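The structure appears below as structure tokens.
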There are 2 protein chains.
Amino acid sequence: MSTDTTDDEVAALLRTADQRYTSGRRRLVAALRRGDGPMTIPQILELDGALAQSSVYRNLVVLEEVGAVTRIVTRDDFARYELAEDLTGHHHHLICTSCGQVSDFALTPAVEAELDKALRSVARRSRFAVEGHRLDLVGVCADCR
Amino acid sequence: MSTDTTDDEVAALLRTADQRYTSGRRRLVAALRRGDGPMTIPQILELDGALAQSSVYRNLVVLEEVGAVTRIVTRDDFARYELAEDLTGHHHHLICTSCGQVSDFALTPAVEAELDKALRSVARRSRFAVEGHRLDLVGVCADCR
DNA sequence: ATGAGTGCAAAGGCTTTGCATTAGG
DNA sequence: CCTAATGCAAAGCCTTTGCACTCAT
């Protein structure tokens, strides 16, 4: 996935919602792309000191509303944000219970397909309209072991 | 799972950690058992008006530390708590994006086994020490559709 | 020009904590 | 008895919001 492609996609998503792709928003998206995995607001601010905290919070709301960013809530104190799966592909999260770090991983298409099938079956029985699923692997990361 | 059994197990967990199973804690556990699925603190307080908010927060911390209760964080404003899987069995969550409600479901052992296998493989490659996994089905519940 | 976006500071709201009181063992 | 637990109120902390200023179109 090239840099310009991602940027174009974000631009398109914003345009659809009559939102501007300002320099602050570009810097924010750039920061999210630099981090490997979901990032907290403090991490984002540390990565780009030119960003203002309140604008980052506000722009992450906007970017999430247009479908460019996903907010991830763990048991850590801070919420985390990453580029949406539409831009990066479907994946899951490794969550470290020691340091809070979150990183991405993907299942094989075969496993993912079977999981989907099982979940659709559950949803049907519960009369639940599925929007998606979330699968996290919880444990201790390599750095913390 | 009978009432007394659950209570005995909680009592044992607390005793191991040199914690008392006071009347407040018994009422809290009773409230958690009455609700079907993870509950927020406001829901717990509404269910048992005799409980004090700060004690509930504190006791949920204790009960979680001894492994009797699990805290679940969603995108809702409130955290949710339920009896730990050791007491209730392994299960997953249906999360309603409309009302925030969380309810439980289980996968078939076969699907669960294959999922475990796939996750162990991922963990090995990432040198990640697995403590468990979390699988949520996100969508709109029957009541909100 | 003119409304969206920005940045600073203050307010909100869930959760935690201090402290005096009560109760468990 | 004597320490852990409780309850009320106040403080903490992440996040949101008000408001004046700036920038994009």
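Lettering of chains follows the sequences in order, A, B, ..., and the numbering in each one begins at 1. Treat the numbers as computed from the prediction; the structure is a model and nothing was measured.
Counting to the nearest Å, the C1' atom of C:dT15 and the CZ atom of B:F78 are 10 Å from each other. For the pair A:M39 CE and D:dC14 P, the computed distance is 17 Å after rounding to whole Å. Atom OH in B:Y21 sits roughly 12 Å away from atom P in C:dG25 (whole-Å rounding). At whole-Å resolution of the value, CZ in B:R26 and P in C:dG24 are 10 Å apart. Taking atom CG of A:D76 as the reference point, atom C1' of D:dC14 lies 11 Å away to the nearest angstrom. Distance CG (A:D18) to C1' (C:dG5): 15 Å, rounded to an integer number of Å. For the pair A:R20 CZ and C:dG3 C1', the interatomic distance rounds to 7 Å; values are reported in whole Å. Summarising the geometry, the separation between CG on B:L45 and P on D:dG7 is reported as 11 Å, rounded to the nearest angstrom.
Checking the phosphate oxygens (OP1, OP2) of D:dC23, no side-chain nitrogen or oxygen of A:S23 falls inside 4.0 Å. For the OP1/OP2 pair of D:dT6 and a distance below 4.0 Å, the side-chain nitrogens and oxygens of B:T22 include at least one atom meeting the criterion. A close approach under 4.0 Å does not occur between any side-chain nitrogen or oxygen of A:Y57 and OP1 or OP2 of D:dT16.
In the set C:dT17, D:dA5, C:dG5, D:dA5 carries the atom at the smallest distance from any side-chain atom of B:R25.
As judged by a 4.0 angstrom heavy-atom cut-off over every strand, B:S55 is placed among the base-contacting residues. Backbone-only contact: B:Q19 has heavy atoms under 4.0 Å from sugar-phosphate atoms and none from a base. Heavy atoms of A:R71 sit under 4.0 angstrom from primed sugar atoms or phosphate atoms, though from no base atom. Within 4.0 Å (heavy atoms only), B:N59 reaches sugar-phosphate atoms of the nucleic acid but no base atom. Within 4.0 Å of A:R58, counting heavy atoms only, lies at least one base atom of the nucleic acid.
In A:E46, the CD atom is not crowded: 12 or fewer heavy atoms of neighbouring residues, nucleotides or ligands sit closer than 6.0 Å. For B:R26, the CZ atom is densely surrounded, since the number of other residues' heavy atoms within 6.0 Å is greater than 12.
Cation-pi contact between B:R15 and B:Y21: absent, since separation from the ring centre below 6.0 Å together with deviation from the ring axis within 45° is not met.
Using a 4.5 Å heavy-atom threshold, the side chains of A:V73 and B:T74 count as separate.
The closest side-chain donor-acceptor pair between A:R125 and A:S121 falls under 3.5 angstrom.
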